[in-house]
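Step one of this worksheet: look at the structure below.
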Number of protein chains: 2
Amino acid sequence: MAVATKRSFMLDEQGCDVSEWDAGNCPVRDVIERISGKWSTLILEALAEKPYRFGELRRLVPDISQRMLTQTLRDLQRDGYIDRKVFPTKPPSVEYSMTALGHSLFEPLLKVLQWAAANHHSVKAARARYDESDMA
Amino acid sequence: MAVATKRSFMLDEQGCDVSEWDAGNCPVRDVIERISGKWSTLILEALAEKPYRFGELRRLVPDISQRMLTQTLRDLQRDGYIDRKVFPTKPPSVEYSMTALGHSLFEPLLKVLQWAAANHHSVKAARARYDESDMA
DNA sequence: TATCCCTAGTCTCTTTTTGAGACCATAAAT
DNA sequence: ATTTATGGTCTCAAAAAGAGACTAGGGATA
């Protein structure tokens, strides 16, 4: 990485200047706070593959509550990452699919997920070290 | 992206098989849940630039509470992303710095932050569309 | 000298968020 | 007649986060 010369070192001028990191005026925070929930990446990871229906997602992520699944899907839809289509069957079924914006976000996001998969052992090791030291 | 043929389509076999997404056995979730907090990326972004002391970080992220700053720093330290060094001055000062593992994580993470900076307008637009439609 | 501020936190109290589970209508299958 | 499935909403309890007081010891200020 290049040497940092100014505060907002790695983001362009639209980015988040460290000296003005208040919630309101930071675009990065505005975007990140939505996708950094406990469930968001999980849902995005699923829908990046193919569209799913509500119940399918629920079964895919067994330990999410219906309440949080609903809310997470709403939030992701509101920010434009996923689409919600209702089919007027009886009972009506609902299909969630990833938008172009969602796929575009998922590209860099996938890199992080891959990093997580590749470096899980290092993190576990660090955790074990921490817990066995007197820091714990 | 290549066509997905199996469930854990984009992660290697150490990754997170969608059919076994329970919290316990998914390495990706284990790693992601830590760095996906409201404050984690903010702190990582700061420390990626250079080491900072507790009070400096607090001033950098004005709306974090001391309580959450302490906790976030502890979590990041436990997972091996940052180092905590105490200087026995009076009063003692504490410096937080990013480890090699932290920098390695920050590389893909930066891509996401850059995406956020670049696409903030699209997200805002999507939000406005959603809020003005009858979905809200 | 009395007061205040600085350091990096912790402790308590309140508010917000999340989780668990019941409940909804409708229609088909058992 | 009861169960199953659809995609949710509603309520209540539990967990997490936010606000602010408090700590100690030394330096600066009044």
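In what follows, chains carry the letters A, B, and so on, assigned in the order in which the sequence lines appear, proteins first and then strands, with residues in each chain numbered from 1.
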- Round to the nearest Å and state the distance from E33(B) atom CD to dA15(D) atom C1'. 14 Å
- Can you tell me how far C1' of dA19(D) sits from CG of L69(B), to the nearest Å? 15 Å
- Between R58(B) (CZ) and dC6(C) (C1'), how many Å, whole number? 11 Å
- Task: Output yes when K38(B) and D63(B) qualify as a salt bridge under the 4.0 Å nitrogen-oxygen rule, no when they do not.
- Result: no
- Query: What is the per-nucleotide protein-contact pattern of nucleotides 8-23 of chain C, from the 5' end, where B denotes a base atom under 4.0 Å from a protein heavy atom, S denotes such proximity for sugar-phosphate atoms only, and - denotes neither?
  - Reply: SBB-B-----BBB---
- Query: Which residue pairs pass the side-chain hydrogen bond (donor to acceptor under 3.5 Å, both in side chains) test when at least one of the two sits in residues 79-93 of chain B, sequence neighbours left out?
  - Reply: R127(A)-D79(B), R84(B)-Y96(B)
- Message: If the threshold is 4.0 Å, N to carboxylate O, is there a salt bridge linking D131(A) and R78(B)?
- Response: yes
- Query: Which residues satisfy the side chain to side chain donor-acceptor pair (under 3.5 Å) test with W39(B), sequence neighbours excluded?
  - Reply: none
- Task: Kindly indicate, with the supporting measurements, whether the criterion side chain to side chain contact (heavy atoms under 4.5 Å, CB included) is fulfilled by L73(B) and F54(B).
- Result: CA-CA 9 Å; L73(B) 288 168; F54(B) 187 88; 3.9 Å; yes
